[in-house]
S.K.: 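Pasting a structure here, questions to come.
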Amino acid sequence: MPRMNLFTEIRTLVTAELGAMTEAGDLPAGLDLSAVAVEPPRDPAHGDMSTNAAMVLAKPSGKPPRAIAEALATRLAADPRISSAEVAGPGFLNLRLRPAVWQGMVATILQAGDAYGRSTIGAGQKVNVEFVSANPTGPMHVGHVRGAVVGDALARLLAYAGWNVTREYYINDGGAQVDVLARSAFERYREAHGLEPEIREGLYPGDYLIPVGEALKEKYGDSLLDKGEQYWLSDVREFATEMMMQMIREDLAALGVEMDVYSSEKALYGTGKIEAALDRLQEMDLIYEGVLEPPKGKTPEDWEPREQTLFRSTAHGDDVDRPVKKSDGSWTYFAPDIAYHYDKVTRGFDQLIDIFGADHGGYVKRMKAAVAALSAGRVPLDIKLIQLVKLWKNGEPFKMSKRAGTYVTLRDVVEQVGADVTRFVMLTRKNDAALDFDFDKVLEQSKENPVFYVQYANARINSVLRKAREQGMDVADGTLATADLDRLDHPAEIALIAKLAEWPRLVEIAARTNEPHRVAFYLHELASELHGLWNRGNDEAGLRFLQDDPVVSQAKIALARAVGVVICAGLGILGVTPVEEMR
RNA sequence: GGCCCCGUAGCUCAACGGAUAGAGCGAUCCCCUCCUAAGGGAUAGGUUGCAGGUUCAAGUCCUGCCGGGGUCACCA
């Protein structure tokens, strides 16, 4: 494979030289090199790359860091890729690469295309990303959007980094809320027959159930009208739930999200799966009958000691043990969720990721405890909590209220601002930071809007390619890759290439930390470099992409196109369509 | 009260345990006969909430405080 990740390539060089130093007796044998890093320095004055090898190895080798650094520097400087290696600060080794190495990256990127930045660190491991998992009782609203976007982008990111990814939605169709749905739908069914619906307190009043009522009429005629609830509840529940899920699938599709697997909570009941999961825990002595202490601090007024079936989650890091059965003997919500996660473990996933709303934070420890126990610690579960999205409209906070009818659905958002903008904006914050979503600002075409800013960079690149094509130049990637890239010798151009060289490394870091927002931030930085170089072309004609000399021009266009390749790859991970032109 | 998350420039936020903590907005100033200025550059702005600790190195890890939010047994 050609050089893809320049940082891992140089790290390999560094560790090889460290090995040689060991053989030469300059370093003791058996050193742990895992902490040796090669990374881009924050300050460009510190070179192209720096390594902490000398500082990390000073103590275990019993040698002063600067001595190690100097010996290593001498060796590295002999490599044809390295132009200088300087010891700095407390023992950093700052490396500069020869221009040809950077210039060669442009050809690498053009040849690799979409594959540039793809990684194998996932090693084909199976990872399950569970996200959205909204109750099937209505359309998706804005609160669900962020989780949907983060989950989907994370799934794309992990796939890009070499994981075998399954996107999964857990349908909460086993609890009381789907009974409420059924009763609400039944009223709409009566309405479809010309009767006055009785939307009592506690039922779902939304108009979206009217079509469900009509569909029920179509299917059942008037045969349910005079029947008691026990007669129709189960059928109507199933029917309405299916229609809700159909709607949710369409909502997700409108946002560009496609699940691989929909798992039903209800389907776990009566199959013995819940019992089987709890039996497993029982075998480990993690299930017992007991009475919980009242919560520390404030005790609820209606608190009463109750004997329940409890999961000893404290054995795996939780603060208190958690009930899996209610006092009437039925399962709590937690029990089927344990079974569901056990199911994921037995399906052979090497890693599980759950995307939850921040209000489910209290659920994290018990879920991790359950997975730790049921997988014997083999399968890590990472739970990402998604913070609130605050809506803004006309410069002021927009309050959602079901009663006032100011209920903003996913569809509303996608129809008003588009899936691409929605997705990008949702990834402009870390998952655990609250996010403002301003309906007016996200559509603004200015540099304040990161979506636009990145798209504009790509549009400029396409503009250059278009102009070049008009001049009769062959701008196919394969041709551009053969350009005289050593003409890209200006520091500003090298700096832009260096930014491109960070892409594979960024992908790996983002994937390892399960943080897709890093991709959005990187794209913003890359766009900024591109805009900067572009504008310098205003003052220095020699920095414009289109030049009179066709050889020089081709090289510069190759660079522009390489930036475009990475922007498109990054947007692809975010699930955002690149635009060719701003209109 | 217990637990979880957050606390970084006036504002909104970045920063795989690395060096002199970075962007954008806002403020002051500058750059359009030139590939889309829908952009760019410069200046000012900081004890990373406080106090300890671990480390060669802490915004980042640990402990304790302070402040904000979330959550707290038979809801899902």
Side-chain angles (χ1 to χ4, degrees), chain A residues 35 37 39 41-43 45-46 50 52 54-56 58-59 64-65 88-92 94 133 135 137 172 174-178 265 291-300 303-306 308 310 318-323 325-330 332-334 336-337 357-365 385 387-388 428-430 432-436 444-450 452-453 455-457 459-461 463-468 505-506 508-510 512-513 515 517-518 521 524-525 528 531-539 541 544-547 556-557 560 581-582:
Chain A
E39 46 195 12
R42 270 209 275 245
D43 185 345
H46 292 146
S50 73
N52 60 358
M55 291 180 292
V56 172
K59 196 177 231 182
F92 282 103
N94 293 333
S133 298
N135 288 341
T137 56
N172 294 136
Q177 80 281 7
V178 283
E265 175 194 354
V291 179
L292 285 174
E293 297 285 315
K296 285 173 185 153
K298 69 150 213 236
T299 302
W303 172 267
E304 56 184 47
R306 254 194 303 267
Q308 291 173 291
L310 300 170
D318 202 356
D319 307 305
V320 291
D321 294 337
R322 306 290 178 175
K325 273 186 181 178
K326 303 174 192 173
S327 53
D328 67 1
S330 64
T332 61
Y333 172 77
F334 187 35
D337 215 359
D359 56 342
H360 286 59
Y363 203 64
V364 170
K365 283 189 181 178
L385 297 178
Q387 266 293 350
L388 239 64
T428 53
R429 290 284 179 276
K430 281 189 294 203
D432 50 12
L435 179 143
D436 288 334
E444 222 168 74
Q445 299 212 336
S446 76
K447 61 177 175 179
E448 293 174 48
N449 181 352
F452 166 78
Y453 189 80
Q455 293 279 31
Y456 182 38
R460 278 182 151 172
I461 291 163
S463 165
V464 166
L465 292 171
R466 197 165 49 239
K467 284 263 166 33
R505 172 185 147 80
L506 185 281
E508 293 186 357
I509 291 171
R512 268 207 317 270
T513 53
E515 292 181 339
H517 74 275
R518 289 174 186 272
F521 281 96
H524 191 270
E525 290 166 15
S528 177
H531 288 310
L533 179 58
W534 184 285
N535 266 81
R536 288 188 66 167
N538 290 334
D539 300 328
R544 293 177 197 163
F545 290 102
L546 295 174
Q547 297 287 326
K556 290 178 187 293
I557 291 166
E581 213 173 348
M582 306 304 297

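Reminder, nothing fancy here: chain letters follow the sequence lines and each chain counts from 1.
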S.K.: Between B:rA73, B:rC75, B:rA19, which nucleotide gets closest to the side-chain atoms of A:Trp303?
M.R.: B:rA73
S.K.: Whether A:Tyr363 contacts B:rA73 is assessed here as follows: a side-chain N or O lying under 4.0 Å from the phosphate OP1 or OP2. Is that the case?
M.R.: no
S.K.: Could you go through nucleotides 20-28 of chain B and list every protein N or O atom that sits under 3.5 Å from one of its N or O atoms, giving the distance for each pair?
M.R.:
unit_1	atom_1	unit_2	atom_2	d
B:rC25	OP1	A:Lys447	NZ	3.2

S.K.: Would you say A:Trp534 reaches B:rA37's phosphate, i.e. side-chain N/O to OP1/OP2 under 4.0 Å?
M.R.: yes
S.K.: For A:Phe92 and B:rA19, say yes or no: do the ring centres fall under 5.5 Å of each other while the ring planes differ by less than 30°?
M.R.: yes
S.K.: Checking all strands, does A:Asn135 fall into the base, sugar-phosphate, or nothing category for heavy-atom contacts under 4.0 angstrom?
M.R.: sugar-phosphate
S.K.: Please name all residues satisfying side chain to side chain contact (heavy atoms under 4.5 Å, CB included) with A:Asp432, sequence neighbours left out, ordered by chain then number.
M.R.: A:Lys430
S.K.: Suppose we screen for side chain to side chain contact (heavy atoms under 4.5 Å, CB included). Which residues come up paired with A:Ala37, at least two apart in sequence or across chains?
M.R.: A:Glu39, A:Asn52
S.K.: Could you let me know what B:rC61 is paired to, Watson-Crick or G-U wobble, both distances under 3.5 Å, or none if it's on its own?
M.R.: B:rG53
S.K.: Given B:rC35, B:rC56, B:rU71, which nucleotide is nearest the side-chain atoms of A:Asp359?
M.R.: B:rU71
S.K.: Would you state whether a donor and an acceptor, one from the side chain of A:Arg544 and one from the base of B:rC34, lie under 3.5 Å apart?
M.R.: yes
S.K.: Applying a 3.5 Å limit to both distances, which nucleotide forms a Watson-Crick or G-U wobble pair with B:rG67?
M.R.: B:rC6
S.K.: Checking A:His524 now: which residues fulfil ring-ring contact (aromatic ring centres under 6.0 Å, His included) with it, not counting sequence neighbours?
M.R.: A:Tyr453
S.K.: Roughly how far, to the nearest 0.5 Å, is CZ of A:Arg518 from CD of A:Glu508?
M.R.: 13.0 Å
S.K.: State which residues pass side chain to side chain contact (heavy atoms under 4.5 Å, CB included) with A:Pro323; sequence neighbours excluded, sorted by chain then number.
M.R.: A:Leu292, A:Gln308, A:Leu310, A:Thr332
S.K.: Closer than 4.0 Å, any side-chain N/O of A:Arg460 to the OP1 or OP2 of B:rA37?
M.R.: yes
S.K.: When you measure from the side chain of A:Asn535, which nucleotide among B:rA76, B:rA14, B:rA37 comes out closest?
M.R.: B:rA37
S.K.: Describe the nucleic acid contact of A:Pro65 in one word from base, sugar-phosphate, nothing, applying a heavy-atom distance below 4.0 Å.
M.R.: nothing
S.K.: Can you pull every protein N or O that's under 3.5 Å from an N or O on nucleotides 7-12 of chain B?
M.R.:
unit_1	atom_1	unit_2	atom_2	d
B:rU12	O2'	A:Arg429	NH2	2.6

S.K.: Looking for any heavy atom pair under 4.0 Å, which part of the strands does A:Ala358 touch: base, sugar-phosphate only, or nothing?
M.R.: sugar-phosphate
S.K.: My understanding is that a pair needs two contacts under 3.5 Å, Watson-Crick or G-U wobble. By that rule, which nucleotide pairs with B:rA23?
M.R.: B:rU12
S.K.: Taking any heavy-atom pair under 4.0 Å as a contact, classify A:Thr513: base, sugar-phosphate, or nothing.
M.R.: nothing
S.K.: By side chain to side chain contact (heavy atoms under 4.5 Å, CB included), which residues pair with A:Pro90, not counting sequence neighbours?
M.R.: A:Met55, A:Phe92
S.K.: Could you pull out all residues at least two apart from A:Phe452 that satisfy ring-ring contact (aromatic ring centres under 6.0 Å, His included)?
M.R.: A:Tyr456
S.K.: Given that A:His531 and A:Ala35 both sit by RNA chain B, which one's nearest nucleotide is further toward the 5' end?
M.R.: A:Ala35
S.K.: Given the P atoms of B:rG2 and B:rC65, what is the spacing between them in whole Å?
M.R.: 8 Å
S.K.: Applying a 4.0 Å non-hydrogen cut-off, can you work out what A:Lys59 is touching in the nucleic acid: base, sugar-phosphate, or nothing?
M.R.: sugar-phosphate
S.K.: Just checking A:Val364: base, sugar-phosphate only, or nothing, at a heavy-atom cut-off of under 4.0 Å?
M.R.: nothing
S.K.: Choosing from B:rA19, B:rA76, B:rA15, which nucleotide comes nearest the side chain of A:Ser50?
M.R.: B:rA19
S.K.: With heavy atoms under 4.0 Å as the rule, sort A:Glu515 into base, sugar-phosphate or nothing.
M.R.: nothing
S.K.: What nucleic acid atoms does A:Phe334 come within less than 4.0 Å of, heavy atoms only: base, sugar-phosphate, or nothing?
M.R.: nothing
S.K.: Please identify each residue that fulfils salt bridge (Lys or Arg N to Asp or Glu O under 4.0 Å) with A:Arg42, with sequence neighbours left out.
M.R.: none
S.K.: Want to settle it: does A:Asn94 or A:Leu546 sit nearer the 5' end of RNA chain B, counting the closest nucleotide to each?
M.R.: A:Asn94
